[in-house]
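Only this structure's heavy atoms are used, side chains among them; waters, hydrogens and symmetry mates stay out. Not measured: the values here are computed from a predicted model. Throughout, numbering of the chain's residues begins at 1 and tracks the sequence. All ligand and atom numbering here is 1-based and tracks the order in the structure.
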Amino acid sequence: MSVSLVILAAGLGSRMNSDRPKVLHPVGGAPLLAHAMRAGDTLEPERVVVVAGHGAEAVAKAARAENPEVLIAHQAEQRGTAHAVAQARAALEGFGGDAVVLYGDTPFVSGETLTAMREARARHAVVVLGFEASDPGRYGRLVMAGDSLERIVEFKDASEDERAITLCNSGVVCADTSVLFELIDGVGDENAAGEFYLTDIVAIARQKGLSVGVVRCDEAETLGINTRAELAAAESAFQARKRAEALEDGVTLIAPETIFFSLDTFIGRDAVVGPNVVFGPGVTVESDAVIRAFCHLEGCHVSRGASVGPFARLRPDAYLAEHTHVGNFVEIKNANIDEGAKINHLTYIGDADVGERTNVGAGTITCNYDGVFKHRTVIGKDVFVGSNTMLVAPVRVGDEAMTGSGSVITADVEAGALALGRARQVVKPGLARSLMARLKARKAETKKSEG
Ligand code: UD1
Ligand code: CA
């Protein structure tokens, strides 16, 4: 049976002490909302509805970046989780399958857990995801009668006895879509918070004689982010998981605890990553590539057998073909580096193409920006770019050409040519010695007149 997702993301998250909507704070370089959407993706949902309120425009933009087909429902006033789900009614019009409710601030629910909930739906009209909390705090408590869930009581409304329950509500719920909306219609706001609680659908379902089941998951999956401290803890949990996954996938991490990944980082088998490397969003590294210590990569691709760093920075749209070498203190942005090319020392290559086997000498700079526009530098194959060459773009250097060290290249260089763009050297025999002698004599004179 088909399934749709309703992701609640309207809250401000006042405890974050931020102007940014809570669900847009990042973990692993991606907004919390993107994590929740990805978790839900494992169910191959037919429709995905994000309920937005605070910062709705920004939330919608982030949601679309993750899934262009996402439907946005608006909740103008945050009147509780049941009220939030109710806003998705129009977006789910005509959809006949199950609905799974997720929270945008709960990033770690696993695909397996969601699948288990879908399976449990074969036995129950409503399925709630619960967990044994080491510190139940202010979570809603699950009141069980044997195997069946009777009701959920919010902390604020719970008695002493109910507060002693350690089985808590994660917030994730699965039910047939029309049943879910019917149950929500019965929810009122007579409670301590004066809100429409989604949790009330459990007692209402029981009154209607419907069965409600609980699927339990590990507490780590239900970690909800409400504060900066929880955000930091989530980041650390996320990094620990990504490191373990990379090792499992056959990647060598020399000092795993010093390597930072993004949600979408992909690293191939037998790649080696040295200490203190940061993978920003959008990085793929193929098998057998080596990323040495202290590199920062973002939005780039490193092909098989390439080597990067130490201390290199790859910025968005840097594409390194197979067996390329990018060495220390090199920055590359929006550039294609073809097979076997070498850019080993102290260089900036931006908005450029570097051909096969070309060698770029130390201190080379593509001067790509005139203060207003960006221009491209195109370097052919088997080129030798002399050290400290300034390539003032737009400029082209043909195949097998050379540039002399220290050249400022402002005009195209044809294939096979040597380009020299520097002042001719002048040598004056003996002048250094005589100049030095004169200077020393002057210094001695000054000392005498002072003393
Ligand atoms: C909720 C549950 C509680 C559970 C806890 C787990 C209810 C009534 N309580 O409490 O049982 O243990 O989550 O973390 O459901 N939201 C909206 N619109 C609203 C209200 C909330 O979109 O009007 C969104 C929030 O942005 C957030 C999510 O729903 O992503 C949860 O809301 P929150 O207020 O944090 O619920 P809790 O009080 O934590
Ligand atoms: Ca919460």
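By the 3.5 Å distance cut-off applied to N or O atoms, Q75 is counted among the residues near ligand 1. Between V23 and ligand 1, no N or O atom pair is found at a separation short of 3.5 Å. Inclusion of N169 in the set of residues having an N or O under 3.5 Å from an N or O of ligand 1 is warranted. Taking any N or O of T81, backbone or side chain, at least one lies under 3.5 Å from an N or O belonging to ligand 1.
Taking the six-membered ring for Trp and the full ring otherwise, the centers of F131 and Y139 sit less than 6.0 Å from each other. F238 and H35 have their aromatic ring centers within a separation under 6.0 angstrom.
Under 4.0 angstrom from ligand 1, the non-hydrogen atoms of S170 all belong to its backbone. Residue contacts with ligand 1 for A84 involve side-chain atoms from C-beta outward but no N, CA, C or O (heavy atoms, distance under 4.0 Å). In H83, neither the side chain nor the backbone holds a heavy atom less than 4.0 Å from any atom of ligand 1.
Within the listing of ligand 1, atoms 18 (N), 19 (C), 23 (O) sit less than 4.0 angstrom from a heavy atom of Q78. Counting atoms of ligand 1 from 1 in the listed order, those under 4.0 Å from a heavy atom of G140 are 3 (C), 4 (C), 11 (O), 12 (O). Those atoms of ligand 1 with a heavy atom of L8 less than 4.0 angstrom away are 22 (O), 24 (C), 29 (O), 30 (O). Less than 4.0 angstrom separates some heavy atom of A9 from each of these atoms of ligand 1: 22 (O). Residue-ligand proximity, Y197 to ligand 1, at heavy-atom distances under 4.0 Å covers atoms 8 (C).
When R141, K22, E154 are checked for heavy-atom proximity to atom 9 (N) of ligand 1, E154 turns out nearest. Of the listed options G80, A52, G11, G11 places a heavy atom closest to atom 25 (C) of ligand 1. Of the candidates Y139, F155, Y103, the one placing a heavy atom closest to atom 2 (C) of ligand 1 is Y103.
Using a 3.5 Å distance cut-off with no hydrogens or angles, the side chains of H54 and Q78 do pair a donor with an acceptor. No side-chain N or O of Q87 forms a donor-acceptor pair with one of H74 less than 3.5 Å apart. Of the N and O atoms on the side chains of D351 and N368, at least one donor lies less than 3.5 Å from an acceptor on the other residue. For the residue pair D176 / S178, a side-chain donor-acceptor distance below 3.5 Å is found, with atom types taken as modelled.
Distances from ligand 1 to the non-hydrogen atoms of R79 include at least one value under 4.0 Å. Proximity of V51 to ligand 1 is not established, as no heavy-atom distance is less than 4.0 Å.
D338 places none of its side-chain heavy atoms less than 4.5 Å from the side chain of T324.
In the displayed structure, R269 atom CZ is contacted under 6.0 Å by at most 12 heavy atoms of other residues, nucleotides or ligands. Counted within 6.0 Å of CZ on R396, heavy atoms from surrounding residues, nucleotides or ligands total 12 or fewer; the atom is thus considered open. The 12-atom threshold is not exceeded at CD of E69, counting heavy atoms of other residues, nucleotides or ligands nearer than 6.0 Å.
Under a 4.0 Å N-O distance rule, the pair R151/E162 qualifies as a salt bridge.
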